[in-house]
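One-based numbering, in listed order, for ligands and for the atoms of each.
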Amino acid sequence: MSVDMAGRVFSALKAEPGLCAIHLAGGEATLRLDALLEVVRLADGMGIPMAYLETNAAWCADRATTREKLDALRQAGLPGLLVSCSMFHNEFVPFARTRTCIEEGTQVFGRHNVMVWLPHLYETLASLPDEKATHTLEEFCAHTGMRLDNPEVPELYSVIPGGRAPEALRNCYVPQPAAAFRGGRCHDLLRTTSHFHIDVYGNLFTGLCAGIAPGNIDDLHPAITPEAFPVFSTLCAEGPHGLMTMAAERHGFEPRDDGYAGKCDLCYHVRRHLHATGDYPELQPADYYED
Ligand code: SF4
């Protein structure tokens, strides 16, 4: 996200009387530390309450540099951190860096302002051999005695089986036919704005449903009608099975023979099909749907 776009997002959020606090996430926002510092200063200067920055700690190679960067972020106005801690991150980030980020972060922001996500995986990762190395998922499973093709593997990190996650973890899930998801409406999840995200283009996502934009920073409160937002409205009323039926009738969608990891997996498959028609501008951003 550009600093300019961040400023536009903050202006839109400033007009929200119910705004509690924002969190900054990615990707990995520390990849462009100078821009991140500017964004934090901007939020602070505009009076936008901040909660924390999410980070994968890949940048925490040594304590001195980590401390320097965390100090700079705190001085810019950042109040806390959320540090990702999982076997999926450990495939790319040595645990030593996760530990450094958490320990130095605690020094800088205080114990109550550093969240470990998820804390129950911290000790398990700490027990892996050579914390300066990364470990494959196979190595993690061998170490913990888990089978790789086990639903408990993604559940350990509360992975939502949507987007690209089921593609990477397909063997962990017991596939279910599309018909198994008949009747499951998504009204409550899609209507929740207690936790929401705004993407790099200014699109609003409610709940945790990425790729469905019922608003954007130019209009965070549009009138949601079935005509204007057919995908959002159908998912609210009838869930992904209802959306599948609509996509089959209008656009020849056919479900996969080998089934789905969960309802969000079916939802993503149907939405990709709908996005390819070009008829559904609420399906944003385009790169979420394209290979
Ligand atoms: S099925 Fe679709 S709309 Fe429902 S919770 Fe999953 S991603 Fe969101």
Side-chain angles (χ1 to χ4, degrees), residues 23 25-27 54 88 117 151 153-170 172-201 203-216 220-251 253-277 279-291:
H23 64 284
E54 288 183 17
F88 301 118
W117 190 262
V153 174
E155 276 168 20
L156 261 184
Y157 195 57
S158 302
V159 172
I160 298 170
R164 285 170 296 184
E167 285 168 25
L169 298 167
R170 185 81 48 202
C172 295
Y173 295 102
V174 179
Q176 299 176 74
F181 306 107
R182 192 192 310 266
R185 62 204 292 262
C186 297
H187 180 275
D188 292 351
L189 287 161
L190 282 169
R191 292 276 174 173
T192 182
T193 51
S194 59
H195 188 106
F196 61 89
H197 294 96
I198 293 179
D199 75 8
V200 293
Y201 308 107
N203 296 305
L204 165 74
F205 302 141
T206 52
L208 293 172
C209 303
I212 311 167
N216 58 49
L220 288 171
H221 300 278
I224 302 284
T225 63
E227 293 72 30
F229 294 91
V231 175
F232 187 91
S233 300
T234 304
L235 285 168
C236 278
E238 302 171 57
H241 191 275
L243 190 68
M244 179 187 78
T245 305
M246 184 267 263
E249 288 169 3
R250 295 189 196 169
H251 305 288
F253 174 82
E254 289 183 19
R256 275 200 305 261
D257 290 338
D258 55 353
Y260 295 92
K263 70 172 189 171
C264 301
D265 190 20
L266 169 62
C267 186
Y268 183 53
H269 189 209
V270 179
R271 285 191 275 131
R272 284 187 77 162
H273 187 88
L274 292 176
H275 180 266
T277 67
D279 292 344
Y280 298 90
E282 65 195 296
L283 296 177
Q284 297 281 350
D287 42 7
Y288 183 78
Y289 293 100
E290 290 162 1
D291 291 327

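- Of the listed residues (H275, H241, H269), just one forms a ring-ring contact (aromatic ring centres under 6.0 Å, His included) with F253, and that residue is H269.
- The side chain of R271, and not its backbone, has at least one atom closer than 4.0 Å to an atom of ligand 1 (non-hydrogen atoms only; side chain from C-beta on).
- Enclosure of atom CG in D257 is not indicated, since only 12 or fewer non-hydrogen atoms of other residues, nucleotides or ligands lie within 6.0 angstrom.
- Under the 3.5 Å distance criterion, the side-chain polar atoms of H273 are left unmatched by any main-chain donor or acceptor of A247.
- Protein atoms that are N, O or S and lie under 2.8 Å from atom 4 (Fe) of ligand 1 are these: C186 SG.
- For Y268 and Y288, the distance between ring centers is under 6.0 angstrom.
- A perpendicular orientation is assigned to the rings of H23 and H197, their planes being inclined by more than 60° (bins at 30° and 60°).
- P230 places a side-chain heavy atom less than 4.5 Å from the side chain of Y280.
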